[in-house]
Amino acid sequence: MGLELIDDKPWYHKGLKFKCTQCGACCTGEPGYVWLDEDDIDRLSKELKLERREFLEKYTRKAWGRISLIEDPNNYDCVFLKGKKCSVYNARPKQCSRFPWWKSTIETREGWEAAKSYCEGIDHPEGKLYSQEEIELLS
């Protein structure tokens with residue numbers, strides 16, 4: 001599926017509003033993967049005051065040759081979701097900090113609306129209006 005275009009412009013060419021309310025809705029309810037790169041691992045290890053090896057053993061798993069955070073096997077919550085809040089918010093992985101600017105979310109208006117159904121920060125009245133350029137840098 002390609003990017004939805006309006007007059008040769010992305011459907012979001014006038015910008016999109018978003019404000020993270022730290023509600024935790026994007027961190028729960030569905031099995032999935034939060035992929036980590038080396039910077040994420042270093043940042044999270046430091047935040048948790050753990051040696052890299054200890055962090056990897058305690059909070060990650062390997063899947064398809066990559067490293068992902070583990071989830072609660074009962075409800076698929078992220079391991080760092082505590083009381084519906086991210087306990088490592090300031091050090092969260094890049095994948096998390098880039099939500100909702102994932103290609104799957106912004107590719108079509110329908111993708112945006114689907115994410116909006118569980119994310120109260122999408123089109124939030126107090127949200128920042130992100131320009132097309134900002135969205136494309138973050139996606």
Side-chain angles (χ1 to χ4, degrees):
M1 181 187 302
L3 181 65
E4 180 183 324
L5 299 176
I6 299 171
D7 296 326
D8 295 328
K9 296 178 184 172
W11 70 270
Y12 54 81
H13 70 276
K14 292 182 180 176
L16 296 170
K17 288 182 89 173
F18 176 70
K19 176 184 179 180
C20 180
T21 64
Q22 297 184 33
C23 69
C26 60
C27 310
T28 187
E30 298 278 334
Y33 300 93
V34 175
W35 302 114
L36 303 178
D37 65 16
E38 294 299 318
D39 291 337
D40 292 327
I41 294 166
D42 291 343
R43 192 173 52 260
L44 287 163
S45 297
K46 183 177 178 181
E47 175 75 12
L48 297 167
K49 297 176 178 50
L50 296 173
E51 294 294 323
R52 176 186 171 88
R53 178 192 50 73
E54 186 179 2
F55 169 77
L56 290 169
E57 288 173 2
K58 188 171 183 178
Y59 294 110
T60 69
R61 61 185 165 157
K62 280 202 168 193
W64 295 288
R66 297 175 70 188
I67 298 172
S68 175
L69 289 178
I70 59 172
E71 303 167 323
D72 181 321
N74 298 311
N75 57 16
Y76 303 110
D77 284 0
C78 173
V79 67
F80 295 120
L81 191 63
K82 307 292 183 210
K84 299 197 183 251
K85 298 281 184 196
C86 177
S87 63
V88 294
Y89 187 80
N90 292 327
R92 68 196 184 282
K94 288 182 199 86
Q95 178 179 332
C96 302
S97 67
R98 290 187 174 139
F99 181 83
W101 312 117
W102 301 345
K103 293 203 185 301
S104 61
T105 306
I106 64 166
E107 190 169 51
T108 64
R109 188 179 310 274
E110 290 78 17
W112 186 253
E113 292 299 323
K116 184 177 175 177
S117 72
Y118 64 85
C119 175
E120 66 188 25
I122 291 178
D123 293 335
H124 193 285
E126 296 172 9
K128 173 186 172 184
L129 179 63
Y130 287 80
S131 69
Q132 176 185 337
E133 294 77 20
E134 288 174 303
I135 293 166
E136 291 171 355
L137 280 173
L138 292 166
S139 65

Enquirer: Go through the structure and list residues passing side-chain contact (heavy atoms from CB on, under 4.5 Å) with S68, not counting sequence neighbours.
Expert: Y33, W35, R61
Enquirer: To the nearest 0.5 Å, what is the distance between CZ (F99) and OG (S104)?
Expert: 8.5 Å
Enquirer: Identify the two heavy atoms, one from A91 and one from R43, that lie closest to each other, and give their separation to 0.1 Å.
Expert: O-NE, 3.2 Å
Enquirer: For K94, check side chain to side chain donor-acceptor pair (under 3.5 Å) against everything at least two apart and list the hits.
Expert: D37
Enquirer: What is the distance from atom OG of S131 to atom CG of L16, rounded to the nearest 0.5 Å?
Expert: 10.0 Å
Enquirer: Can you list the residues that meet the salt bridge (Lys or Arg N to Asp or Glu O under 4.0 Å) rule with K128, with sequence neighbours excluded?
Expert: E134
Enquirer: Evaluate whether atom CD of E30 has more than 12 neighbouring non-hydrogen atoms of other residues, nucleotides or ligands under 6.0 angstrom away.
Expert: no
Enquirer: Taking only residues two or more places apart in sequence, or in another chain, which ones meet E126 in a salt bridge (Lys or Arg N to Asp or Glu O under 4.0 Å)?
Expert: K19
Enquirer: Among residues at least two apart in sequence or on other chains, which ones pass side chain to side chain donor-acceptor pair (under 3.5 Å) with D72?
Expert: N74
Enquirer: List for me each residue that meets side chain to side chain donor-acceptor pair (under 3.5 Å) alongside E120, sequence neighbours excluded, and say none if there are none.
Expert: T21
Enquirer: Report the distance from atom CH2 of W112 to atom CD of E107, rounding to the nearest 0.5 Å.
Expert: 14.0 Å
Enquirer: Between K58 and E54, does any side-chain N to carboxylate O distance fall below 4.0 Å?
Expert: no
Enquirer: Looking only at non-hydrogen atoms, find the nearest pair between G127 and K17 and report the distance.
Expert: O-CE, 3.1 Å
Enquirer: Which residues end up grouped with L48 if you chain together Ile, Leu, Val, Met, Phe, Trp and Tyr wherever their side-chain heavy atoms are less than 4.5 Å apart?
Expert: V34, L36, I41, L44, L50, F55, L56, Y59, I67, L69, I70, V79, F80, V88
Enquirer: Just jot down the side-chain contact (heavy atoms from CB on, under 4.5 Å) partners of P31, sequence neighbours excluded, or say none.
Expert: E71, Y76
Enquirer: About how many Å separate CZ of R98 and NZ of K103, when rounded to the nearest 0.5 Å?
Expert: 10.0 Å
Enquirer: How long is the straight-line distance from NZ of K85 back to SG of C23, given to the nearest 0.5 Å?
Expert: 7.5 Å
Enquirer: Under the 4.5 Å side-chain heavy-atom rule for ILVMFWY, direct or indirect, which residues accompany L81?
Expert: none
Enquirer: My understanding is that only residues two or more places apart in sequence, or in another chain, count here; which of them pass side-chain contact (heavy atoms from CB on, under 4.5 Å) with K116?
Expert: E113, I122, D123
Enquirer: Answer yes or no: is there a donor N or O on one side and an acceptor on the other, between the side chain of T105 and the main chain of W101, under 3.5 Å?
Expert: no
Enquirer: Compare every heavy atom of Y12 with every heavy atom of Q132, then report the nearest pair and how far apart it is.
Expert: CG-CE1, 3.8 Å
Enquirer: Start with the C-alpha distance between Y89 and C96, add both sets of side-chain angles, then the distance that settles side chain to side chain contact (heavy atoms under 4.5 Å, CB included), and finish with yes or no.
Expert: CA-CA 9 Å; Y89 187 80; C96 302; over 6 Å; no
Enquirer: Parallel, tilted or perpendicular for Y130 and F18, by the 30°/60° rule?
Expert: tilted
Enquirer: Got a sec, which residues hit salt bridge (Lys or Arg N to Asp or Glu O under 4.0 Å) with R92, two or more places apart in sequence or on another chain?
Expert: none
Enquirer: Quick one: list whatever passes salt bridge (Lys or Arg N to Asp or Glu O under 4.0 Å) with E38, sequence neighbours left out.
Expert: R52
Enquirer: Does atom NZ of K82 have more than 12 heavy-atom neighbours from other groups under 6.0 Å away?
Expert: yes
